[in-house]
2 protein chains.
Amino acid sequence: MTATVAEENYIKAIFHLSKNENKVVNTNAIANEVQTAAATVTDMLKKLADKKLIKYEPYKGVSLSKNGLLMAGKIVRKHRLWETFLVEKLNFKWDEVHEIAEQLEHIQSDDLIGRLDKFLGSPKIDPHGDPIPDAEGNLIPITSKPLTIASSHDVHTVASVGDQSSSFLQMLDKLKISIGTKIKIVEKHEFDGSLQVKINNQNIINISEQLAKNLIVK
Amino acid sequence: MTATVAEENYIKAIFHLSKNENKVVNTNAIANEVQTAAATVTDMLKKLADKKLIKYEPYKGVSLSKNGLLMAGKIVRKHRLWETFLVEKLNFKWDEVHEIAEQLEHIQSDDLIGRLDKFLGSPKIDPHGDPIPDAEGNLIPITSKPLTIASSHDVHTVASVGDQSSSFLQMLDKLKISIGTKIKIVEKHEFDGSLQVKINNQNIINISEQLAKNLIVK
DNA sequence: ATTTATTTTTAGATTTGCCTAAATTTTATT
DNA sequence: AATAAAATTTAGGCAAATCTAAAAATAAAT
């Protein structure tokens, strides 16, 4: 029933490589993900298949079983809740938390995770904008997120706003930003969190972190 | 430099058995503490001696070296800080946190522990009344003793408990005894070692020697 | 002071997770 | 389609942490 830390890491690797679809993942990709030799992966795949966590056909690749998918979801939930804790409560920067969360995600206690979730106000997305699976391990994919955590050099579309105040909405009008506006992040300034963005593939402007945080894009 | 989880558990066991003194601990006691076979302990002692964490003489027992003592102190610090977090922030009861803290104490990150300590307000004692070692692993002993050897007709304050079992802690809850409770010894019964005590200058109850032994007062 | 009992260590195995090298299967190329 | 290249698996081993059973050392008892 309970998996070892190594098993959990393989399940998580397969999950990340298959992106919650039923996509088939190959041995070398897993070996690269968990930084181990391909032969070691083969050994582990046999064990995971015995435990019915994956569907495995020699030479043809693997995909997660229903149980494996839920187990992966629970591990990812723990990882993302801990990352949220580290950033929100302990004031880590979002780029400093991954390795610590890799350790914390293996702590075994449903009660602990339930209380941690409550303590954090049952967040639905983590500090990187990734969705947090529910207690059963189900992940509801979220496509929209604040512009502050959207990918650089990518075009995003404004889907909603995170603030309804007139001062905010008036400013958007001035900047010619509305629902449906295309925004491309040109550069992120470390200093104050402001963003250099291209609006509708036309003019380039600089917007504050405060403003970007309230632009929900997809 | 970095120890495995198993090594840390042995170091911690020796620490708890020798009570921060240089007392010699024997193999069977360690085996009992870490719930393993005596032969396994011998194997591990050789490894820890190679790493200069203990002073080991075959058949004669072990004691922690200076480095071993500091390592134990750091592990205990982590354990007690996490217990404080679980009780203070996640609202666990004090008798529910031990096993989870046993897992959390092995998370590797000085930065994390530094921030956790700050987040908790740099507590000096944990929810059981035990002192929290400093960041280097130094433990400042607290002048406290079991109620069984405390002076009669004198008021004492519960400082910590000598047993972490939930049956014991639950009994204390029932008796309305917690850290900080004032206890005055009214009478000592020769027959069974039980004590007639006055709780917080109010009700008088009789407590067993077994219970009194585990009430650490100052 | 011998003998008996207890404690501790050694010897030999097992399991888990990992490795390299060789064999096999699949995929790509000429 | 035959061969070369790449991916995968099998085979055989290793280190860590554990075990049981036997041997050795120490402590207790007659």
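In what follows, every chain begins at residue 1, and chains take the letters A, B, ... in the order their sequences are listed.
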**OP:** Would you indicate, yes or no, if C:dT9 has its OP1 or OP2 atom less than 4.0 angstrom from a side-chain nitrogen or oxygen of B:T42?
**Re:** yes
Original post:
To the nearest Å, how far apart are B:N9 CG and D:dA16 C1'?
Top reply: 14 Å
Subject >> A:N28 vs D:dA6: side-chain N/O to OP1/OP2 distance below 4.0 Å >> reply: no
Subject >> Residues that A:D154 engages under side-chain hydrogen bond (donor to acceptor under 3.5 Å, both in side chains), provided they are two or more places apart >> reply: A:S151
Original post:
With a non-hydrogen cut-off below 4.0 angstrom, is A:T27 in contact with a base, only sugar-phosphate, or nothing?
Top reply: sugar-phosphate
Original post:
Quick one: side chain to side chain donor-acceptor pair (under 3.5 Å) pairs with a partner in residues 110-125 of chain A, sequence neighbours left out?
Top reply: A:D111-A:R115, A:D117-A:S122
Subject >> Geometric cation-pi criterion B:K89 and A:F85, 6.0 Å radius, 45° cone >> reply: no
Subject >> Under 4.0 Å protein heavy-atom contacts per nucleotide of nucleotides 21-27 of chain C, with B for base, S for backbone only and - for none >> reply: ---BSS-
Original post:
Which residues within residues 29-37 of chain A lie with some heavy atom under 4.0 Å of an atom in DNA chain C?
Top reply: A:T36, A:A37
**OP:** Could you list the residues that satisfy salt bridge (Lys or Arg N to Asp or Glu O under 4.0 Å) with B:E7, not counting sequence neighbours?
**Re:** B:K47, B:K51
**OP:** Round to the nearest Å and state the distance from B:D50 atom CG to D:dA15 atom C1'.
**Re:** 15 Å
Subject >> Contact under 4.0 Å: B:N26 side-chain N or O vs C:dT7 OP1/OP2 >> reply: no
Original post:
Using a cut-off of less than 4.0 Å, is there contact between a side-chain N or O of B:Y10 and OP1 or OP2 of D:dA16?
Top reply: no
**OP:** Would you mind reporting whether A:V41 and A:I14 have side-chain heavy atoms less than 4.5 Å apart?
**Re:** no
Subject >> Qualifying residue, where the test is side chain to side chain donor-acceptor pair (under 3.5 Å) with A:E105 and the options are A:K74, A:K78, A:K12 >> reply: A:K12
**OP:** Report which part of the nucleic acid B:D43 touches: base, sugar-phosphate, or nothing (heavy-atom distance under 4.0 Å, all strands).
**Re:** base
Original post:
Once you round it to whole Å, what is the distance between P of C:dC18 and CG of A:L48?
Top reply: 11 Å
Subject >> Results of salt bridge (Lys or Arg N to Asp or Glu O under 4.0 Å) for A:K145 - residues two or more places apart only >> reply: none
Original post:
Do A:I30 and A:L45 come close enough that some side-chain heavy atom pair is under 4.5 Å?
Top reply: yes
Original post:
Between atom NZ in B:K51 and atom C1' in D:dA15, what is the gap in whole Å?
Top reply: 12 Å
Original post:
Going by heavy atoms in the side chains, are B:P127 and B:T84 under 4.5 Å from each other?
Top reply: yes
Original post:
Distance check: side-chain N/O of A:K46 vs OP1/OP2 of D:dT9, anything under 4.0 Å?
Top reply: no
